[in-house]
Amino acid sequence: MRMSQLMLPTERDAPADAQALSHVLGVRAGLVRQLGAGLWTWLPAGWRAHQRVTVIIREEMDAIGAQELLMPVLQPRDLWAKTGRDTIEEVFRLSDRRDSELVLAMTHEEPVTFHVSQVVRSYRDLPLILYQLQTKARDEPRPRAGVLRTREFVMKDSYSFDRDEAGLEESYEKHIGAYDRIYDRCGLEWYRVDSGVGMMGGSGAHEYMAPCPAGEDEIALAPGYAANVEVATAQAAPATPGAPLDAPAEVETPGATDIETVAGVLSVSPDALLKAFPVVTDAGEFVVAIVRGDHRVNEGKLEIALGERCRPATEEEIASQLGPPGYVGPVGTGARVLLDEAVAVQGGGGWICGANREGFHLQGVEPGRDFDFEAVDIRRVEAGDRVAGGEIRLEPAIEVGNIFKLGTRYSEALGATFLDEEGVERPIVMGSYGIGPARIVAAAIEQNADENGIAWPKAIAPWEVELVGLGKPGSDEQAAAERLYAELQAAGVSVLYDDRDAGPGEKFTDAELLGCPLRLTVGRKSLESGQAEAQGRRGLVALEGPDLAGGTAAAVAALLDGLP
RNA sequence: CGGGGCGUGGCGCAGCCUGGUAGCGCACCUGCUUUGGGAGCAGGGGGUCGCCGGUUCAAAUCCGGCCGCCCCGACCA
């Protein structure tokens with residue numbers, strides 16, 4: 001590709017509203033442009049990178065026997081009503097000129113299951129893995145960070161159909177193999193982490209997470225352990241409660257309504273306190289969740305422990321059920337208490353909690369003796385917790401894919417059944433699996449950029465080589481660059497040729513911004529030496545320049561082999 | 001949905017408080033010079049100042065309403 005003919009609108013300045021690095025560099029390097037909130041156009045160079053990702057995805061999906069198809073984005077709402085998903089807030093709903101109700105698909109479980117329900121009759125038709133690369137539309141509450149969270153995006157979504165749980169397990173394992181290879185080949189740093197199955201039910205799920213500063217999620221990592229903090233579990237460092245007492249004793253703590261202040265007034269560390277987190281469940285039950293003072297409640301884990309959704313209690317509810325907000329505790333209330341395992345496991349007396357009386361706390365509290373409780377894991381893990389002997393660290397990360405054992409939720413709702421060997425009708429056991437190529441591109445930028453711009457992994461760079469010609473029009477230098485460009489093209493090298501009539505500074509700066517792995521320069525110096533200059537983008541390292549006299553393309557290919 | 005901020009040429013911004021010819025840098029066009037890290041000189045083109053209404057002799061500027069966009073939080077099968 002000749003840069004003089006390429007639509008590559010590079011910018012010296014970042015857009016004023018850009019925060020995330022992939023957003024800033026994506027726009028500055030001319031990869032993407034915004035059309036509206038969460039609506040992005042892929043410009044030619046950016047789309048090349050996106051395409052390279054989808055090529056890798058197709059190769060690996062095909063390799064596990066998955067079959068590609070394409071389903072509409074626009075779908076009848078009726079279909080979605082059958083699974084109850086038509087009322088999800090994120091689903092765009094619209095109607096046509098005849099007032100027929102339609103939705104824009106956020107994923108494609110409904111249509112794919114519909115088709116399979118019509119086609120699959122017998123156990124002999126299974127297993128089946130179907131996939132597509134298709135646009136998804138989601139009415140996101142808050143699009144953000146450029147291409148990281150958008151309202152419309154391309155997704156690779158695949159769906160597995162099996163006779164039973166064992167078959168699903170096999171399909172799931174196949175996807176794990178394919179996904180591991182895809183992210184490796186794309187040059188990402190990634191983790192496969194346990195994730196919650198959420199409100200959709202199902203029997204297991206993992207997320208593929210790429211660590212990067214702009215990530216919206218947090219993952220907990222330890223040697224041999226990786227989980228989304230939403231579901232992570234670990235052992236807490238022991239707390240240091242005070243001396244046990246024969247019975248809880250009131251102590252004056254005027255004005256001390258938060259953990260820090262109480263700990264300060266009583267000269268103890270926050271981990272000696274019990275933090276009460278009163279909630280009201282969907283069913284209307286008032287429950288007091290309790291974690292250590294230095295811990296935080298993980299509301300998702302709390303809901304799993306409760307078995308239903310809940311919300312924080314209002315101040316009025318707290319006042320009427322327990323006592324003055326800021327001074328509440330579990331002792332003498334009769335309320336149902338869920339006590340976090342970090343406290344329950346350590347046990348003992350000497351804990352401090354609110355006395356349910358304005359200006360007072362209780363010392364020497366002992367769970368079990370002074371209040372009844374159910375021991376559950378409801379806290380958010382903290383950096384420094386331990387799991388399997390290793391220490392947890394937390395990292396921000398972006399979700400670049402997920403795999404999910406759906407079970408029979410969709411097949412039952414849509415009547416996707418088959419006859420087994422005994423002639424018994426059974427629901428098909430399903431899995432669903434997603435990958436966001438745009439997020440792979442964004443994560444690759446985030447993970448591989450420096451102050452000069454992007455430093456693409458070779459496998460997904462828009463071009464592998466950028467050839468910078470420095471000669472002015474009609475010069476010997478320009479003629480040499482033209483010859484080299486023609487030779488590289490003929491040899492099938494992926495090359496972008498900067499043939500613009502521009503100064504060297506501008507060309508070098510743009511080359512570093514766009515970030516192709518190998519930069520070749522042909523100018524006065526290279527004519528004198530008989531070699532093109534070569535520089536690797538990662539670290540801007542000088543490489544042995546390929547000879548211009550002959551065999552240059554082979555030498556360039558060898559150089560590329562040595563680059564990441 | 002709650003909080004905060006911003007809409008002036010392709011990009012980045014000033015002007016608004018205190019109403020009176022719409023400006024600056026970059027980019028762009030023409031000519032000449034220049035060519036190894038974002039060149040110089042000269043000339044030139046491009047903006048209903050987000051939209052609607054109000055006040056006024058006069059509105060980018062003041063007032064009201066609406067729309068759009070960004071950030072933080074909530075949310076995120």
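Naming convention: chains lettered A, B, ... in sequence-line order (proteins, then strands); numbering from 1 in each chain.
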Please assess D377(A) against K301(A) for the test salt bridge (Lys or Arg N to Asp or Glu O under 4.0 Å), listing each intermediate value before the final yes or no.
CA-CA 7 Å; D377(A) 178 16; K301(A) 289 167 74 174; 3.1 Å; yes

Step by step, work out the side chain to side chain donor-acceptor pair (under 3.5 Å) result for D499(A) and S4(A).
CA-CA 6 Å; D499(A) 61 337; S4(A) 61; 2.7 Å; yes

Using only side-chain N and O atoms of K525(A), determine if any of them is under 4.0 Å from OP1 or OP2 of G36(B).
no

So for E512(A) and G38(B), does any side-chain atom that can act as donor or acceptor lie under 3.5 Å from a complementary atom in the base?
no

Selected nucleotide, minimal atom distance to F508(A) side chain, candidates C76(B), G36(B), C26(B)
G36(B)

When you measure from the side chain of Q134(A) to the backbone N and O of M71(A), does any donor-acceptor pair fall under 3.5 Å?
yes

Return no unless some side-chain N or O of R28(A) is found under 4.0 Å from OP1 or OP2 of C11(B).
no

Is the phosphate of C72(B) approached by Q19(A) (side-chain N or O, under 4.0 Å from OP1 or OP2)?
no

With nearest nucleotide decided by heavy atoms, which residue, H23(A) or K472(A), maps closer to the 5′ end of RNA chain B?
K472(A)

If you define the side chain from C-beta out and look only at heavy atoms, does anything of E506(A) sit under 4.5 Å from R500(A)?
yes

Base, sugar-phosphate alone, or nothing: which one does E216(A) contact when heavy atoms must sit under 4.0 Å apart?
nothing

Are R142(A) and C72(B) close enough that a side-chain N or O sits under 4.0 Å from OP1 or OP2?
yes

How do E11(A) and G523(A) order along RNA chain B: which one's closest nucleotide is nearer the 5' end?
E11(A)

Return the value, rounded to whole Å, for the distance between atom CD of Q531(A) and atom C1' of G36(B).
17 Å

